Asks: 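Structure in structure tokens, see below.
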Amino acid sequence: MIMVHKRFETEVVHHGYDSKEHLGSLSTPIFQSSTFTFETAEQGEARFAGEEQGYIYSRLGNPTVQALQERMAVLENGEAALGFSSGMAAVSATLIALTKANDHILCSKGLYGCTFGLLEILKEKYNIQSDFDFMDNEQSLRDSIKPETKCIYVETPINPTMKVIDLEMVSRVAKEHQIPVVVDNTFSSPYLQRPLDLGCDIVIHSATKYIGGHGDVIAGILVGKKEFIDEVTMTTQKDIGGTLSPFDAWLLLRGLKTLPIRMERHSSNAEKVMEKMKQHPKIKRVYYPFDKDHPDYEVASKQMKLGSGVIAFELDGTKEDAQAFLNRLNFIKIAVSLGDAETLIQHPASMTHAVVPEEHRLQMGITDTLIRLSCGLEAWEDIWEDIEASLK
Ligand SMILES: *Cc1c(COP(=O)(O)O)cnc(C)c1O
């Protein structure tokens, strides 16, 4: 297949698949096969030895999954990509590949709850230490790096308070020490932010969120240099086993086709709802990266195309008031996750961040009245009217 790179909106629909190679099928076939037959014993030997290209067994590679991987690599502007059965499978395979016992991981202050949980496991079992840095100051970041630091792990915007980290600054400091920078790009998707273009080394997605976009799949993606992706493919993915299924890869390929138009709508809905929230007397505080009053607005507008669909806001009141507010909503659904067509709302202190120790949680700005809203694709006026009615 001829691979001429086109614009993002075109690649998202076409890259990595050629209908001519599949009897003209417009939609990528789902190769629902666990294994692949060899024509001869010698061919099997050559495939295992890596002397001949071709599929062996779907935990090691599958054509539907491969189409998704090629598309994701191009969208993130990376050399290669790898699909996983969940975002956490991608996070764990990556961190285990990058570290050994007694190493150190430097993280942004504010991480997805289960990533935090994984770091606790790595600490307890293998003495892999982790520290959390605000990463808002070049010198203090430099001072936090230790001789044993094997990876800098960043989420931006940080869930749920939408703090933004300057990825160019972090990658510049990391390069001085030749430490790879891993970015969890779930909240932006490659349409809004491309960490590899900003000098970072590895990108992770919970494809469950904006990549899939329809609330019907759990999946993860890893993007980076071919050498690293090959290593993970043959070690922490093959031997731990968090492989992506062909059907789930197909759902992601389908979701991806509308990623640009969905991200435009998620972002514009969020921007409009955020402006309304800022005017409301019962809302004390609003967090959104493309809010001109957000302390990180300058960095956000430098490295992101739009602000994405997630807003966090703090109600004036108590935890019970926050829960009563959620219970009064009409069509907005109380659910964790984000990036779906449906608007979803949740209470981080008792849900997504309940595992984070209280002190750490408060440092992250997650109070008992903080609420996270994932703006869906509905009319923004309806989203706002549901919230406004529930605030009464
Ligand atoms: C959801 C999420 C994850 C975990 O992904 P799963 O697909 O649920 O395993 C990791 N990081 C971020 C930022 C997330 O939102």
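Atoms within each ligand, like the ligands themselves, are counted from 1 in listed order. Bear in mind that the values here come from a model prediction, so they are computed numbers and not experimental data.
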Asks: Students should be able to answer this: which protein heavy-atom is nearest to atom 4 (C) of ligand 1, and at what distance?
Replies: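 Closest protein heavy atom to atom 4 (C) of ligand 1: Y112 CE2, 3.3 Å.
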Asks: Within a distance under 4.0 Å of any heavy atom of A219, pick out the atoms of ligand 1 and give their elements.
Replies: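 Those of ligand 1 that fall under 4.0 Å from A219 are 7 (O).
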Asks: Polar-atom distance check: L338 versus ligand 1, any N or O pair below 3.5 Å?
Replies: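 No: no nitrogen or oxygen of L338 is under 3.5 Å from one in ligand 1.
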Asks: With the threshold set at 4.0 Å, does a side-chain nitrogen-carboxylate oxygen contact exist between D293 and K278?
Replies: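 The answer is yes: the pair qualifies as a salt bridge.
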Asks: What is the nearest protein non-hydrogen atom to atom 5 (O) of ligand 1, stated with its residue, atom name and distance?
Replies: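 The closest one turns out to be S206 OG, 2.9 Å.
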Asks: For V217, is there any backbone N or O sitting under 3.5 Å from a side-chain donor or acceptor partner on D248?
Replies: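 No; zero donor-acceptor contacts below 3.5 Å.
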Asks: Considering only heavy atoms, which of T186, D184, V310 lies nearest to atom 11 (N) of ligand 1?
Replies: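 Looking at heavy atoms only, D184 sits closest to atom 11 (N) of ligand 1.
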Asks: Does the N or O separation between K209 and ligand 1 drop below 3.5 Å for any pair?
Replies: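 Right, the criterion is met.
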Asks: On the ring face of F132, is K109 found with NZ or CZ under 6.0 Å from the centre and within 45° of the axis?
Replies: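 Not satisfied by the 6.0 Å and 45° rule.
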Asks: How far does CD1 of I211 sit from NE2 of H205, to the nearest 0.5 angstrom?
Replies: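 Nearest 0.5 Å value for the CD1-NE2 distance: 4.5 Å.
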Asks: Please could you name the atoms of ligand 1 that T208 approaches to less than 4.0 Å, counting only its heavy atoms?
Replies: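 This gives 6 (P), 7 (O) as the contact atoms.
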Asks: Between R47 and E52 (salt bridge meaning N to carboxylate O under 4.0 Å), is one present in this structure?
Replies: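 The answer is yes: the pair qualifies as a salt bridge.
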Asks: Can you tell me how the ring of F36 sits relative to the ring of Y55, calling it parallel under 30°, perpendicular over 60° and tilted otherwise?
Replies: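 Judged by the thresholds at 30° and 60°, the geometry between F36 and Y55 is tilted.
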Asks: Can an N or O of G87 be found at a distance shorter than 3.5 Å from an N or O of ligand 1?
Replies: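 The answer is yes, given that G87 and ligand 1 share an N or O pair closer than 3.5 Å.
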